[in-house]
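Proteins get letters first, then strands, A, B, ... in listed order; numbering begins at 1 in each.
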There are 2 protein chains.
Amino acid sequence: MPKQDYFKNLLKANGLKVTNQRIAILEVLEDRPGEHLTAEEIYGLVKEKYPEIGLATVYRTIQMLSELEVIDKLNLDDGFVRYEIGNRGKEGSHHHHHLICLNCHSVFTFEDDLLEVLEERIQNSLGFRVVDHEVKLYGYCKNCSEHDYEESR
Amino acid sequence: MPKQDYFKNLLKANGLKVTNQRIAILEVLEDRPGEHLTAEEIYGLVKEKYPEIGLATVYRTIQMLSELEVIDKLNLDDGFVRYEIGNRGKEGSHHHHHLICLNCHSVFTFEDDLLEVLEERIQNSLGFRVVDHEVKLYGYCKNCSEHDYEESR
DNA sequence: GTATGTGCAAAGAATTTGCACCCGA
DNA sequence: TCGGGTGCAAATTCTTTGCACATAC
């Protein structure tokens, strides 16, 4: 398990301790790449393997994971902050964009480096140096566009 | 005041009443284009002209304004939902993008239609029809890039 | 052994809601 | 008149925090 070793080293490098709770939370997130989990959802899933865990530990750990850039924060404007495992260190660490269906509320991801052109323009015209971005595109997914989108209103 | 008439007609067209509170809230937002106000900030500003207003009315009104697409919702991940007056009905109703400085936390806006190319690609490759988007670019503004960015950490 | 981490419960903070009264159409 | 709108306070909901105990190193 290379990712876990990476994580353990990352913890040690930052003077943090490797605990069962932290490993359990990481495992839950690792098992669900591409999913966008809320703290409560992560809590529920971790409880299956580690029933004694507290919700506060989950909050504290995901905050730490986010600061260490192991996971990405995501806000779908439904009142929950969501998290997904990142792919730092792997091949092209392209940030993906999120496509959110306004009808069925499913979330798709889309990789594209068009943003780099935009970021260069901004650098040149405004002197603003972009280091990260979040792109959310709202619309109707293929399925909902084809069938009417009247169902889940 | 053309925008206010538009708003009054919009209310009537939706079977909603024109109240002093609603007008006062709209005026506050109209007076501050380009600003990103929280509910609490709007509340404070409206109170100057209309001291009896309640916070709940502000929440109810901005929610309504958002649904009527008179204002845009914006989340800068600081724990507050923010709102700004939109420019529907006016010339090119280009959505602008937000540039967020990670050092001084100022927010700049940037207009660009590069996203339309991206949206077309998505339409063609995934069949996902995009109707709206939100783009946030994080980085360091010109001023903070030039001087070190150590101040407001 | 000691500083860091954890679980619990309580506190906080943003937003929503119930309800009696008010007011625009 | 009368149904929608408002103000207030209470309720909800997500998240953070204080503290005593537990545990990694």
Please list, pair by pair, any protein nitrogen or oxygen found under 3.5 Å from a nitrogen or oxygen in nucleotides 20-25 of chain D.
| unit_1 | atom_1 | unit_2 | atom_2 | d |
| --- | --- | --- | --- | --- |
| D:dA24 | O3' | A:Val18 | O | 3.4 |
| D:dA24 | N3 | A:Lys17 | NZ | 3.2 |
| D:dC25 | OP1 | A:Val18 | N | 3.1 |

In whole angstroms, the gap separating P of D:dC14 from CG of B:Asn75 amounts to 15 Å
Rounded to whole Å, CD of B:Gln21 lies from C1' of D:dG4 at a distance of 12 Å
Assert: residue with more 5' nearest nucleotide on DNA chain C, out of A:Ala56 and A:Arg22, is A:Arg22
Next on the checklist: One thing to verify: whether A:Asp112 and B:Arg121 come together as a salt bridge, which I'm taking to mean a side-chain N less than 4.0 angstrom from a carboxylate O.
Outcome noted: yes
Sorted by position of nearest nucleotide on DNA chain D, 5' first, the leading residue of A:Arg60 and A:Leu55 is A:Leu55
Heavy-atom closest pair (B:Leu126 atom, A:Lys142 atom, distance to 0.1 Å) is O-CB, 3.6 Å
Is any side-chain heavy atom of B:Glu134 closer than 4.5 Å to a side-chain heavy atom of B:Lys73? no
So CD of A:Glu84 and NE2 of A:His96: to nearest 0.5 Å the spacing works out to 3.5 Å
Output for pair (B:Asp113 CG, B:Glu119 CD), nearest 0.5 Å, gives 10.5 Å
To the nearest angstrom, the OH-P distance between B:Tyr59 and D:dT12 comes to 18 Å
* Asked: Which is true for B:Gly15 with a 4.0 Å heavy-atom rule: it touches a base, it touches only sugar-phosphate, or it touches nothing?
  -> nothing
- A:Asn103 and A:Asn143: side-chain contact (heavy atoms from CB on, under 4.5 Å), yes or no, with the steps? CA-CA 10 Å; A:Asn103 180 236; A:Asn143 197 48; over 6 Å; no
Here the distance between atom P of D:dC14 and atom CG of A:Leu76, to the nearest Å, is 15 Å
Given the options A:Asp78, A:Leu76, A:Asp77, A:Ile100 meets side chain to side chain contact (heavy atoms under 4.5 Å, CB included) only with A:Leu76
Worksheet item: Under a 4.5 Å cut-off applied to non-hydrogen side-chain atoms, are B:Leu16 and B:Met64 in contact?
Response: yes
DNA chain C: first to last nucleotide in contact with chain A (atom under 4.0 angstrom from a heavy atom), 5' to 3', is C:dA3 to C:dC8
Residues pairing under ring-ring contact (aromatic ring centres under 6.0 Å, His included) where one sits in residues 33-75 of chain B, two or more places apart or in two chains, turn out to be B:His36-B:His98
Query raised in the report: With a non-hydrogen cut-off below 4.0 angstrom, is A:Glu52 in contact with a base, only sugar-phosphate, or nothing?
Result: sugar-phosphate
Per atom distances to the A:Phe80 side chain, the nearest of D:dG7, D:dC14, D:dT15 is D:dC14
Atom CG of A:Asp78 and atom C1' of D:dT13 are separated, to the nearest Å, by 13 Å
